[in-house]
Undergrad: 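Questions regarding the structure given below will be posed in turn.
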Amino acid sequence: MAEVTVLGAGMVGVSSALALQEQGHHVTLVDKVSPGLETSYGNAGIIQSEAAEPYALPQDIATLWRFAIGQTNDVTWKLIPTIRMAPALWRYFRNSAPKNHSAISAVYAQLASQSTRDHDLLIRSSGADTMIRRTGLAMLYRDERRFQEAVQKAECLDQLYGVSSRVVNGVDYQAEEPALKQAPIGAVHWLQSWSCSDPGGLTAAYAELFIQRGGTLVQGDANSLQQRASGWHLKSEEGDIHSEHVVVALGPWSPQLLKRFGYDIPMVYKRGYHGHYKAHVPLNRPFLDVENGVLASPMSRGIRVTTGAALVGLNDPAEPIQLERGVTSLRTLLTMGDRVRENQWFGTRPCMPDMLPVVGAAPNHKGMWFHFGHGHQGFTQGPTTAKLLAQSIAGESSELLSALAPEHRF
């Protein structure tokens, strides 16, 4: 067995460390902060087994025009960062065409279908079951046309991938969810998805399990990574780290590190914001307010409202206009109290132009492995793709591993 360094202690990195540890490797997990404090902390906390198809860019000009002029809360953008991402966005758009998207979804659905099972093993082993709700995820519609389209889509996903759901009229759904103060037009309730009351806490619990099993967690600077004849070297607060293998699981920061090694990684950076609001009436399950592009989740700190995508620079300051707009609209539907006082959180979803995560060997560096690019689904897919990474390092091969491998994708 080998010495392996994993860079990044979000859900993807911690899951990588656990999967490699299970294979008998001696693993050191490195991050500049404690586990689960970046994007894995601030997401909507849903293990989305219903997400059999990745988010595609709309192909119709009318919707793209509404994005462009700011008529929808799903997407906002800033000119200069969007221009910088234009080549990746163009590839993303082409991959969103029906034929390409269908082929990509055939791969993506395999990851979604295994997500709750792979999480369940870690949830039980880490003693984190009290954080988990197995009550599904609802999509609430205020527009009749969009609701009927969603019903047809749900039937299609069931036929193609076995993703189960139930269709509920708005009045009946309001009776199930007392926190709603008015009835939507209707709801699609995805039955197989789970949710978590503290996503950062769950990531930290997995990290603690890794330590209990003999793993090493240290704070260090990924940018100090060097390749030498003897392997990979990195500086940490506890001294130099030496290993035969290194796994790059830095999410949106992965391209910055890998540029130094000659890799030009195209990535679409989708920023999201959240805020917590006092829950006078508890939510039974999370739901997406589809028309307003915000998701409300029951969390330990109250109701967490999470936004769609802002196409901005990785280091741009916070501008939570989507959150503010979304909450204003959400209050017409949902009973919520005042906002909980806390620093404004935001994080970046690292999306590849082909919408698939990158899992496998670096094309030009022995002993370097990539594990990033999960887009909106790092929290969902982390344990599943970590198992695939461990298989790749063990020299195994499969059609799924070939589809996710870095070679020929950049």
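All values derive from a computational prediction rather than experimental measurement.
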Undergrad: Can you check side-chain contact (heavy atoms from CB on, under 4.5 Å) on Leu323 and Val305, steps first, answer last?
TA: CA-CA 7 Å; Leu323 180 62; Val305 179; 3.9 Å; yes

Undergrad: Any pair with a residue in residues 61-83 that passes salt bridge (charged side-chain N to carboxylate O under 4.0 Å, His left out), sequence neighbours left out, goes on the list, sorted by first then second residue, please.
TA: Lys78-Asp316, Lys78-Glu319

Undergrad: Let's go through Lys259 and Asp264 carefully: what are the C-alpha distance in whole Å and the side-chain angles of both, what is the deciding distance for side-chain contact (heavy atoms from CB on, under 4.5 Å) to 0.1 Å, and is it a yes or a no?
TA: CA-CA 6 Å; Lys259 196 171 187 65; Asp264 187 11; 4.0 Å; yes

Undergrad: Would you find a donor on one side and an acceptor on the other, under 3.5 Å apart, between the side chain of Arg260 and the backbone of Leu225?
TA: yes

Undergrad: Under the side-chain hydrogen bond (donor to acceptor under 3.5 Å, both in side chains) test, which residues partner Gln322, sequence neighbours left out?
TA: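 Expected list: Thr76.
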
Undergrad: What pairs meet the ring pair (Phe, Tyr, Trp, His ring centres under 6.0 Å) rule with one or both residues in residues 52-88, with sequence neighbours excluded?
TA: Tyr55-His376

Undergrad: Show me the pairs that pass side chain to side chain donor-acceptor pair (under 3.5 Å) and involve residues 86-96, at least two apart or across chains.
TA: Tyr92-Lys270

Undergrad: Under a 4.5 Å cut-off applied to non-hydrogen side-chain atoms, are Leu89 and Val268 in contact?
TA: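 Yes; the side chains approach each other to less than 4.5 Å.
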
Undergrad: Excluding sequence neighbours, so at least two apart, what forms salt bridge (charged side-chain N to carboxylate O under 4.0 Å, His left out) with Lys387?
TA: Asp118

Undergrad: Just verifying a value: how many Å separate Gln377 CD and Leu111 CG, rounded to the nearest 0.5 Å?
TA: 10.0 Å

Undergrad: Quick check against the 3.5 Å criterion: does Asp143 have a side-chain atom that pairs as donor or acceptor with the backbone of Glu291?
TA: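 Not confirmed, Asp143 side chain does not pair with Glu291 backbone.
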
Undergrad: Roughly how far apart are Gln381 CD and Gln48 CD, rounded to 0.5 Å?
TA: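 One finds 9.5 Å between CD of Gln381 and CD of Gln48.
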
Undergrad: Inspect the surroundings of CD in Glu22 and state if more than 12 heavy atoms from other residues, nucleotides or ligands are less than 6.0 Å away.
TA: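 Counting other residues, nucleotides and ligands, CD of Glu22 stays at 12 neighbours or fewer.
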
Undergrad: Would you please name every residue forming a side-chain hydrogen bond (donor to acceptor under 3.5 Å, both in side chains) with Tyr41, sequence neighbours left out?
TA: none

Undergrad: Could you report the tightest heavy-atom contact between Ala390 and Gln23, atom names first, then the distance?
TA: CB-CG, 3.9 Å

Undergrad: Does Asp221 form a side-chain contact (heavy atoms from CB on, under 4.5 Å) with Lys235? I'd like the steps, not just the answer.
TA: CA-CA 6 Å; Asp221 181 9; Lys235 296 183 182 299; 5.9 Å; no

Undergrad: Side chains of Arg271 and Tyr273: donor-acceptor distance under 3.5 Å anywhere?
TA: yes

Undergrad: Could you measure the distance from the CG atom of Leu330 to the CG atom of Asn292? Nearest 0.5 Å is fine.
TA: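 One finds 7.5 Å between CG of Leu330 and CG of Asn292.
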
Undergrad: Would Thr332 and Arg142 count as a side-chain hydrogen bond (donor to acceptor under 3.5 Å, both in side chains) if you check the C-alpha gap in whole Å, the side-chain angles of each, and the deciding distance to 0.1 Å?
TA: CA-CA 11 Å; Thr332 66; Arg142 307 189 192 211; 2.9 Å; yes

Undergrad: Mind telling me whether His365 and Phe261 have parallel, tilted or perpendicular rings, with 30° and 60° as the class edges?
TA: perpendicular

Undergrad: Would you find a donor on one side and an acceptor on the other, under 3.5 Å apart, between the side chain of Gln21 and the backbone of Phe210?
TA: yes

Undergrad: Taking Arg409 for the side chain and Leu404 for the main chain, is one N or O donor matched with an acceptor at less than 3.5 Å?
TA: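 Yes; judged by distance alone, with no hydrogens or angles, the pair exists.
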
Undergrad: Does anything in residues 276-324 pair up under ring pair (Phe, Tyr, Trp, His ring centres under 6.0 Å), and if so which pairs, sequence neighbours excluded?
TA: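 Every ring pair (Phe, Tyr, Trp, His ring centres under 6.0 Å) pair that includes a residue of residues 276-324, provided the two are not neighbours, is His274-His276.
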
Undergrad: For the residue pair Ser193 and Leu137, what are the closest heavy atoms and their distance?
TA: CB-CB, 4.2 Å

Undergrad: Ignoring hydrogens and angles, state whether a donor on the side chain of Gln148 or Glu144 is under 3.5 Å from an acceptor on the partner side chain.
TA: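 Yes, because at least one side-chain N or O of Gln148 sits under 3.5 Å from a partner of the opposite role on Glu144.
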
Undergrad: I need the minimum non-hydrogen distance between His245 and Ala2, along with the two atoms involved.
TA: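 Shortest heavy-atom separation between His245 and Ala2 comes out as CD2-CB, 3.6 Å.
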
Undergrad: Going by side-chain hydrogen bond (donor to acceptor under 3.5 Å, both in side chains), name the residues that satisfy it together with Asp60, two or more places apart in sequence or in a different chain.
TA: Thr63

Undergrad: Does Val12 offer a backbone N or O that forms a donor-acceptor pair with the side chain of Ser15 under 3.5 Å?
TA: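 Here the side-chain-to-backbone pair does not exist.
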
Undergrad: Is it true that atom CD1 of Ile83 has more than 12 heavy atoms of other residues, nucleotides or ligands lying nearer than 6.0 Å?
TA: yes

Undergrad: Asp31: which residues meet the salt bridge (charged side-chain N to carboxylate O under 4.0 Å, His left out) condition with it, sequence neighbours left out?
TA: none

Undergrad: Within a radius of less than 6.0 Å around CD of Glu342, do more than 12 heavy atoms belonging to other residues, nucleotides or ligands occur?
TA: yes

Undergrad: Looking only at heavy atoms, what is the nearest atom pair of Val247 and Val4, with distance?
TA: CG2-CG1, 4.0 Å

Undergrad: By side-chain contact (heavy atoms from CB on, under 4.5 Å), which residues pair with Gln256, not counting sequence neighbours?
TA: Trp253, Leu314, Asn315

Undergrad: Looking only at side-chain N and O atoms, does His119 offer a donor or acceptor that is under 3.5 Å from a partner on Tyr206?
TA: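 Their side chains do contain a donor-acceptor pair, which is all the 3.5 Å distance test asks for.
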
Undergrad: Is the backbone of Ser164 close enough, under 3.5 Å, to the side chain of Gln192 for a donor and an acceptor to pair up by distance?
TA: yes

Undergrad: Is the side chain of Asp158 donor-acceptor paired with the backbone N or O of Glu155 at a distance under 3.5 Å, no angle test?
TA: no

Undergrad: Locate the shortest heavy-atom distance separating Met139 from Val290; write the atom from each residue and the value.
TA: CB-CG2, 4.1 Å

Undergrad: Supply the atom-to-atom distance Phe410 CZ to Glu407 CD, rounded to the nearest 0.5 angstrom.
TA: 10.5 Å

Undergrad: To the nearest 0.5 Å, what is the distance between CG on Leu258 and CZ on Phe372?
TA: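 Output value for this atom pair is 5.5 Å.
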
Undergrad: Could you tell me whether Lys181 atom NZ has more than 12 heavy atoms of other residues or ligands within 6.0 Å of it?
TA: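 Yes - once you tally the heavy atoms of other residues, nucleotides and ligands closer than 6.0 Å, there are more than 12.
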
Undergrad: For Lys153, what residues pass the side-chain hydrogen bond (donor to acceptor under 3.5 Å, both in side chains) criterion, not counting sequence neighbours?
TA: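 side-chain hydrogen bond (donor to acceptor under 3.5 Å, both in side chains) list for Lys153, sorted by chain: Glu53.
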
Undergrad: I need the single residue from Thr5, Thr216, Leu217, Leu20 that forms a side chain to side chain contact (heavy atoms under 4.5 Å, CB included) with Val27. Which is it?
TA: Leu20

Undergrad: Please lay out, stage by stage, how Ile46 and Leu295 fare under the test side-chain contact (heavy atoms from CB on, under 4.5 Å).
TA: CA-CA 10 Å; Ile46 303 171; Leu295 198 150; 3.7 Å; yes

Undergrad: Which residues satisfy the salt bridge (charged side-chain N to carboxylate O under 4.0 Å, His left out) test with Asp120, sequence neighbours excluded?
TA: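 In terms of salt bridge (charged side-chain N to carboxylate O under 4.0 Å, His left out), with neighbours along the sequence ignored, Asp120 is linked to Arg124, Arg134.
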
Undergrad: Assess Arg146 against Tyr141: is NZ or CZ under 6.0 Å from the centre of the six-membered ring, and within 45 degrees of the ring's axis?
TA: no

Undergrad: Do any N or O atoms from the side chain of Arg133 and from the backbone of Ser197 form a donor-acceptor pair under 3.5 angstrom?
TA: no

Undergrad: What distance separates Glu208 CD from Arg213 CZ, expressed to the nearest 0.5 Å?
TA: 12.0 Å

Undergrad: Sub-3.5 Å donor-acceptor pair from the side chain of Ser254 to the main-chain atoms of Leu250, do we have one?
TA: yes

Undergrad: Compare every heavy atom of Thr307 with every heavy atom of Arg349, then report the nearest pair and how far apart it is.
TA: NH2-O, 2.8 Å

Undergrad: Do any N or O atoms from the side chain of Ser297 and from the backbone of Met299 form a donor-acceptor pair under 3.5 angstrom?
TA: no

Undergrad: Looking at Asp198 and Arg301, is any side-chain nitrogen of the basic one under 4.0 Å from a carboxylate oxygen of the acidic one?
TA: no

